[in-house]
Amino acid sequence: MKNLRRNKTSGISLVALIVTIIVLIILTAAVIVTFMEGGIIEKAKEAVFKSDIRTYQEILAVKNAEKQIELATGNGEGGLYNADDLAGIQGIIPEFKEEYKDLIVISNGEIVLGTRTDDPYSKWLADLGIGAGETSDIALLEEGDYVVYSIPEAERKTYNITEKLGAEATNWIYNRKDTNRTYNEGVDEIIIGYNEEIKWRVLKNDGSTVTLVSADPVENIYLYGEEGFTKGPGALDAICKEVYGGRNLRVEDVNEVLKYEPVPRYYKSAGEEVNKELGFTFGDAMEETGLSISGSLPDDYEDLELYYSYNKSDCTEASEKAKDMIFRDKYYWLSSSCADVYFGSDASFRVRSVYGDYVDTYNLCISVGVENDGVCGLRPVVTLSSSIQVVDEEAGGDTQERAWEIK
């Protein structure tokens, strides 16, 4: 009887153990389901994702601000960032995780919803106020199109050359109101004001920003001698920046639009023209010729391009619209300098210009002390963000009469 009781007790304990194990298994399964379906793990994943996105927004805001600072200081063309692939986004935000590919893109300087809308990510993005980006009209504007654009009134200014550069500036730069090339002594005050009547053309559209250039040259700016060469390009940019909120057209812009890759050149002897590697520097010109110009020349000699010129017929890759945009009836300055070296003789120092069918220069001073002059217009350049709106979508932009209207 005692053995029977002992066996019965053991049997009950085994059943209890089995029941306990089953209950534990059920409870464990319930806990795992809780974790997997909206539980602690999911919430932790959501917190990490939202923290990452907020970090990306902060980084992007700083990058956009840097672009605007570059524009304001004349060291860049401003605009807002755009990127729709992993490499592009990581180029802007190196910390961007590959696992978020296609979940978000960068449009008009903002993080917006990408093509991958699988939950719960799209819901988490919505919690952060992130949705699809706005459609921009920027794609309507093509290179060479005419545009009616009025710079915001608050940004329009005037430029007083005497006030900005000092009275001595009237010896080497001033604003001519006529086309006479004769220098008039004794000009005390030279003021250039905003011209609201000018039309603009699309110089470049990179999908992120639209860069406009005045459809025709404005003003008549006189540059003379060494001072005109050394300070002229910077002064032309400064005028365009203050009056129009941008800069003046440069030879790099022209070469890009015309799809032309010029080869700088120098003269070996007796007018024999030969080509040389781009490594040939202004310092070489100084060593070969010796400079006898009095006064100060730029510190960045090594950055000066050597002389080259080309004409409209050389630009076989450019469209007719692009050629028409660059080659205008009125001469205009480019904010770019260059040197032309004559070995065994002298070196001439020039400011680039466009006239008729030629991309060329004005020779302003020569190493033996000769000083020259030139009178040309300006081509202001302004850069707009991709948030611009096309008001008249029927215009088409083909001519000044069919110009796009934007704001």
Side-chain angles (χ1 to χ4, degrees), residues 23-73 76-141 152 154-155 204-211 383-391 393 406-407:
V23 170
L24 288 174
I25 291 172
I26 293 171
L27 290 174
T28 300
V31 170
I32 292 174
V33 170
T34 300
F35 269 80
M36 295 299 293
E37 296 183 358
I40 295 175
I41 291 178
E42 190 75 0
K43 290 188 177 299
K45 187 176 179 181
E46 177 184 355
V48 170
F49 177 76
K50 288 183 176 179
S51 176
D52 287 342
I53 299 301
R54 290 190 185 98
T55 298
Y56 301 158
Q57 288 176 317
E58 292 171 359
I59 294 172
L60 185 57
V62 172
K63 292 291 185 71
N64 285 323
E66 288 174 350
K67 267 201 166 191
Q68 299 312 309
I69 291 173
E70 289 176 355
L71 175 62
T73 57
E77 296 190 353
L80 300 171
Y81 281 100
N82 288 270
D84 57 9
D85 61 355
L86 179 62
I89 296 174
Q90 287 181 334
I92 302 168
I93 307 173
E95 297 86 347
F96 186 79
K97 296 178 180 177
E98 186 172 356
E99 65 193 82
Y100 299 154
K101 177 183 177 182
D102 298 329
L103 282 173
I104 63 171
V105 297
I106 299 175
S107 177
N108 297 332
E110 295 183 356
I111 289 178
V112 301
L113 187 64
T115 56
R116 182 176 148 201
T117 57
D118 49 319
D119 286 328
Y121 293 107
S122 57
K123 178 182 179 301
W124 295 343
L125 289 170
D127 292 343
L128 295 173
I130 296 175
E134 296 182 2
T135 302
S136 173
D137 295 326
I138 192 172
L140 293 171
L141 306 176
E155 299 179 22
K204 180 169 61 175
N205 181 355
D206 62 8
S208 169
T209 60
V210 173
T211 302
T383 299
L384 311 177
S385 74
S386 57
S387 61
I388 60 175
Q389 296 180 337
V390 176
V391 179
E393 296 189 6
I406 65 175
K407 66 176 182 178

Revision key, fill the gap. In this structure, CD of Glu110 is separated from CD1 of Ile130 (nearest 0.5 Å) by 9.5 Å
**Study point:** From Phe96 atom CZ to Ile89 atom CD1, the distance as rounded to the nearest 0.5 Å
**Key:** 4.5 Å
Point to revise | Approximate separation, where rounding is to 0.5 Å, of Asn205 CG and Thr211 OG1 | key: 8.5 Å
**Study point:** Given Ile59, Ile104, Val105, the one that forms side chain to side chain contact (heavy atoms under 4.5 Å, CB included) with Ile111
**Key:** Ile104
Review point. Roughly how far apart are Asp85 CG and Gln90 CD, rounded to 0.5 Å?
Key: 9.5 Å
**Study point:** Check: Lys63 side chain, Tyr81 main-chain N or O, donor-acceptor pair, under 3.5 Å
**Key:** no
Review point. Which heavy atom of Gly88 sits nearest a heavy atom of Ala83, and at what distance?
Key: C-CB, 3.6 Å
Donor-acceptor pairs under 3.5 angstrom involving side-chain atoms of residues 49-58: please list them, not counting sequence neighbours.
residue: Lys50; atom: NZ; partner: Glu46; partner atom: OE2; Å: 2.7
residue: Lys50; atom: NZ; partner: Asp127; partner atom: OD2; Å: 3.1
residue: Asp52; atom: OD2; partner: Lys97; partner atom: NZ; Å: 2.7
residue: Asp52; atom: OD2; partner: Tyr100; partner atom: OH; Å: 2.7
residue: Thr55; atom: OG1; partner: Ser51; partner atom: O; Å: 2.9
residue: Tyr56; atom: OH; partner: Glu95; partner atom: O; Å: 3.4
residue: Tyr56; atom: OH; partner: Lys97; partner atom: N; Å: 3.2

Exercise for review: Output, in order, the C-alpha distance, side-chain angles, deciding distance and verdict of side-chain contact (heavy atoms from CB on, under 4.5 Å) for Ile106 and Ile93.
Suggested key: CA-CA 10 Å; Ile106 299 175; Ile93 307 173; 4.1 Å; yes
